[in-house]
Undergrad: 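Right, I'll just put the structure down here and ask away after.
Every heavy atom of this structure was used, including side-chain atoms; hydrogens, water molecules and symmetry mates were not. Chain naming here is simple, since letters A, B, ... match the order of the sequence lines and numbering starts at 1 in each.
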There are 2 protein chains.
Amino acid sequence: MKITIADVARKAGVSKSTVSRILNGNYEQNTQRTIDKVLKVIEEMDFQPNALAKGLKSNKTNIIGIVLSNLKNPFWASVLEGVEDECRSSGFNLMICNSNENPRVERDHIKSFQLKQVEGIIINTTLGNEDIYKDFTEKNFPFVTINRKIPNTEVNGVFMDNIEGAKIAVQHFIDNGLREIAIFIYPTEGVSPREERLEGYRQALQDNSLVVKEELIKIVGENKEIVKKEVKNLLNSHQKVEAIFSTNNILTLYVMEAIRELGLKVPQDIALIGYDETVWSMHLNPPLTTVYQPAYKMGELAAKKVIELINNKEQKIPTEQISLLPNLIVRQSSIQRSQLNE
Amino acid sequence: MKITIADVARKAGVSKSTVSRILNGNYEQNTQRTIDKVLKVIEEMDFQPNALAKGLKSNKTNIIGIVLSNLKNPFWASVLEGVEDECRSSGFNLMICNSNENPRVERDHIKSFQLKQVEGIIINTTLGNEDIYKDFTEKNFPFVTINRKIPNTEVNGVFMDNIEGAKIAVQHFIDNGLREIAIFIYPTEGVSPREERLEGYRQALQDNSLVVKEELIKIVGENKEIVKKEVKNLLNSHQKVEAIFSTNNILTLYVMEAIRELGLKVPQDIALIGYDETVWSMHLNPPLTTVYQPAYKMGELAAKKVIELINNKEQKIPTEQISLLPNLIVRQSSIQRSQLNE
DNA sequence: ATGAAAGCGCTAACAT
DNA sequence: ATGTTAGCGCTTTCAT
């Protein structure tokens with residue numbers, strides 16, 4: 001049933017080695033006649049070399065594994081696209097799985113990738129398996145983390161500069177004359193992008209000699225109703241709040257809904273900036289100012305890095321942390337009426 | 001460096017066969033002592049069986065491949081999640097790639113999957129490689145299409161009932177007293193979901209004895225500005241239009257933007273229904289009525305189907321087409337003021 | 001209850 | 001310029 005290299009060799013009247021050589025482009029020493037003959041037979045028989053056998057022998061599978069923690073967030077779709085494109089253009093296949101933020105699941109997936117002999121792994125870590133990451137790095141196994149930093153561990157990674165991202169958002173508010181700026185953020189829990197966004201928020205205020213008011217820092221979960229309640233409480237309190245910096249794309253939708261339900265207008269009553277540019281940002285009412293993160297680029301660079309590591313396994317390449325700069329996409333949600341009319 | 005079954009055998013003082021048996025749960029005829037001993041050594045050495053060798057020998061890789069055509073659309077993220085979950089719980093790994101709607105790329109990916117000996121393939125076809133699909137089906141190779149139907153070809157597939165989806169949307173308009181209903185749709189180009197949505201639109205009108213007005217059928221490309229121009233032309237013409245059925249989630253955002261720019265209100269001036277429920281639908285202003293499609297379910301069922309085919313390769317299972325029903329999520333965008341005040 | 005040995009399909013060192 | 005041969009790490013039949 002399945003055609004092997006031996007079948008081709010027999011039919012072409014040559015040895016398996018010759019077929020193998022030609023298959024792999026080691027033409028140098030072959031007669032053009034032989035090459036043509038073998039190629040013709042391969043074509044005729046529609047021969048498909050078995051990558052398993054090849055991989056077993058050569059220790060190269062041309063497979064990269066990626067572990068994501070959340071497929072639903074469009075941010076990750078872009079990252080995945082970047083990784084996929086890069087893999088494709090470099091001739092690698094991509095194995096994907098979803099840890100769903102569960103370290104146990106992540107661990108299983110990594111093990112499974114190893115059994116399958118993937119040549120490298122890209123991961124958005126759940127921060128529960130540092131021992132594995134450390135082990136990989138020590139063993140020189142091609143491994144790249146994305147998005148989340150791993151504390152106290154020198155591994156290859158591609159990250160966003162989240163401090164900067166928060167700073168440009170808050171600075172933009174300040175530049176527009178807003179001073180009472182609240183931040184909505186998920187519990188940081190050691191997740192570096194969250195910690196950094198909060199840190200960036202603080203820094204931006206301090207850089208402008210403004211005091212950081214703890215009551216304007218709203219740490220919220222993913223429950224929509226609770227988020228909305230927090231927004232309403234904040235805006236109804238005697239706290240003066242002029243602007244909200246919402247640090248997650250879905251969270252921002254909840255915030256807007258709450259504001260709308262209060263009968264308040266963005267940006268006239270309250271200015272708003274969201275984190276992560278999405279397809280819908282510009283279509284919200286009003287169009288939303290967002291911190292754009294180069295997600296596709298992050299995926300692409302991560303893939304490039306693993307591939308570089310794979311192609312240079314002999315050399316011990318020093319670990320590298322790449323940091324990508326976000327930028328602000330200014331729309332109406334963040335600009336007060338006075339500016340709007342200029 | 002790498003530990004093999006031979007190393008384990010040596011250390012445990014047994015043969016490779018014994019280790020292999022125990023590894024694969026063929027305990028029946030082994031002494032408990034041997035089992036324990038071998039298991040202990042496996043544990044101690046942290047032995048990881050090489051799936052390549054296993055696959056080469058056993059002709060089973062436990063890998064499924066999926067070819068998607070568009071990673072960015074959140075609809076596909078849900079599908080992917082369904083596929084991934086099902087694969088995981090059934091012990092399969094998932095290889096993913098993106099055809100980007102390009103049949104040539106799709107073809108390359110499929111070839112590549114075959115070389116890697118994937119045991120089954122799930123695909124959202126670009127409709128350019130029917131020969132391959134037919135071939136797979138004839139050869140009894142586990143193969144399932146999703147979302148798009150392949151004309152004149154009996155292959156396994158999981159689809160949405162797009163005729164029904166369009167009908168419930170249009171019927172909802174009609175039930176609310178709206179008669180002049182326009183549809184915005186991408187060029188059908190043989191893509192079954194588009195054809196069916198258009199068909200469903202026509203049927204719904206006819207079922208209610210309304211005439212289908214060709215000038216209310218707007219076939220548009222993906223260019224935002226052109227879409228907006230079309231919307232404006234339509235609403236500014238002396239055509240009476242009471243409602244718009246927008247058949248794609250991104251398209252709907254463009255439509256809304258154009259309406260807003262015209263100074264018209266949804267739903268008072270023009271009612272609107274979009275296709276595909278998304279995270280942002282409920283947060284638009286006004287909240288958008290959408291046709292919800294069970295995307296996760298589609299992914300899950302497709303994966304279940306390939307796995308079923310994989311596990312029963314001997315039997316020729318007749319091809320099956322599964323159709324999933326969408327349903328309408330009613331929000332304010334589709335309900336005219338009169339209803340709103342009830 | 002366990003072991004020996006052949007072989008899955010390929011590559012590569014060595015031989016010619 | 002091409003062929004021979006010995007594995008890669010595993011499974012599995014056949015022996016014992």
Side-chain angles (χ1 to χ4, degrees), chain A residues 1-42 45-63 111-112 114-119 313, chain B residues 1-42 45-63 111-112 114-119 313:
Chain A
M1 183 69 230
K2 284 223 169 164
I3 293 152
T4 77
I5 211 172
D7 300 321
V8 176
R10 200 173 311 120
K11 182 141 177 212
V14 297
S15 74
K16 292 195 296 173
S17 346
T18 300
V19 177
S20 173
R21 288 193 192 99
I22 291 174
L23 219 45
N24 292 290
N26 300 345
Y27 289 144
E28 307 95 44
Q29 13 201 1
N30 288 297
T31 326
Q32 191 59 46
R33 255 197 72 216
T34 327
I35 297 176
D36 293 343
K37 186 172 55 184
V38 171
L39 252 25
K40 187 156 150 281
V41 174
I42 288 176
M45 303 183 88
D46 187 29
F47 165 64
Q48 317 246 31
N50 183 324
L52 290 186
K54 181 169 180 162
L56 179 58
K57 181 66 191 177
S58 64
N59 256 317
K60 301 205 84 272
T61 55
N62 266 270
I63 301 176
K111 286 276 179 224
S112 165
Q114 291 185 284
L115 301 188
K116 294 285 156 54
Q117 312 299 118
V118 305
E119 296 193 56
K313 287 203 78 164
Chain B
M1 184 68 230
K2 284 222 168 164
I3 294 152
T4 76
I5 211 171
D7 300 321
V8 175
R10 200 173 310 120
K11 182 142 176 209
V14 297
S15 73
K16 292 194 295 173
S17 342
T18 300
V19 177
S20 174
R21 287 193 192 99
I22 291 173
L23 218 45
N24 292 290
N26 301 344
Y27 289 144
E28 307 95 44
Q29 14 201 2
N30 288 298
T31 325
Q32 191 58 46
R33 256 196 72 215
T34 324
I35 297 176
D36 293 343
K37 186 172 56 182
V38 170
L39 252 25
K40 186 155 152 281
V41 173
I42 288 175
M45 304 183 85
D46 188 29
F47 165 64
Q48 320 246 30
N50 183 324
L52 290 186
K54 180 168 182 163
L56 180 58
K57 183 66 192 178
S58 64
N59 257 319
K60 300 203 84 274
T61 55
N62 265 269
I63 301 175
K111 286 275 179 223
S112 164
Q114 291 185 282
L115 301 188
K116 294 283 155 60
Q117 312 300 116
V118 304
E119 296 193 57
K313 287 203 78 166

Undergrad: Would you call A:Asp36 and A:Arg33 a salt bridge, using N to O less than 4.0 angstrom?
TA: no

Undergrad: Quick one: does A:Lys111's side chain get under 4.5 Å of B:Gln48's, heavy atoms only?
TA: yes

Undergrad: Heavy atoms only: give me the nearest A:Ile35-A:Ile22 pair and the separation to one decimal.
TA: CA-CD1, 3.7 Å

Undergrad: Where the side chain of A:Lys54 is defined as all heavy atoms beyond and including C-beta, which of D:dG9, D:dT2, C:dC10 is the nearest nucleotide?
TA: C:dC10

Undergrad: By side chain to side chain donor-acceptor pair (under 3.5 Å), which residues pair with A:Lys60, not counting sequence neighbours?
TA: A:Glu119

Undergrad: Could you state the atom-to-atom distance from CG of A:Asn30 to P of D:dT2 in whole Å?
TA: 5 Å

Undergrad: Categorize A:Asn24 for me: base, sugar-phosphate, or nothing, with a 4.0 angstrom heavy-atom threshold over every strand shown.
TA: sugar-phosphate

Undergrad: Give the angle between the helix axes at the two ends of the helix from C:dA1-D:dT16 to C:dT16-D:dA1, taking five base pairs at each end and rounding to 10°.
TA: 40°

Undergrad: Nearest to the side chain of B:Phe47 - D:dC10, C:dC8, C:dT2?
TA: D:dC10

Undergrad: Choose from D:dG3, D:dG9, C:dA4 the nucleotide whose nearest atom is closest to any side-chain atom of A:Ser17.
TA: D:dG3

Undergrad: Quick one: closest heavy-atom pair of B:Thr61 and A:Lys116, and the distance?
TA: O-CE, 3.2 Å

Undergrad: With sugar-phosphate meaning primed atoms plus P, OP1 and OP2, does A:Lys16 contact a base, only sugar-phosphate, or nothing at under 4.0 Å between heavy atoms?
TA: base

Undergrad: Please tell me which of B:Ser20 and A:Arg21 maps to the more 5' nucleotide of DNA chain D, matching each residue to the nucleotide holding its nearest heavy atom.
TA: A:Arg21

Undergrad: Suppose we call a contact any N or O donor and acceptor under 3.5 Å apart; does that hold for the side chain of B:Lys57 and the base of C:dG7?
TA: yes

Undergrad: Pick the closest DNA chain C nucleotide for A:Ile5 and for B:Val14 by heavy atoms, then say which residue is nearer the 5' end.
TA: B:Val14

Undergrad: Could you work out which one of C:dG3, D:dG9, C:dG9 sits closest to the side chain of A:Ala53?
TA: C:dG9

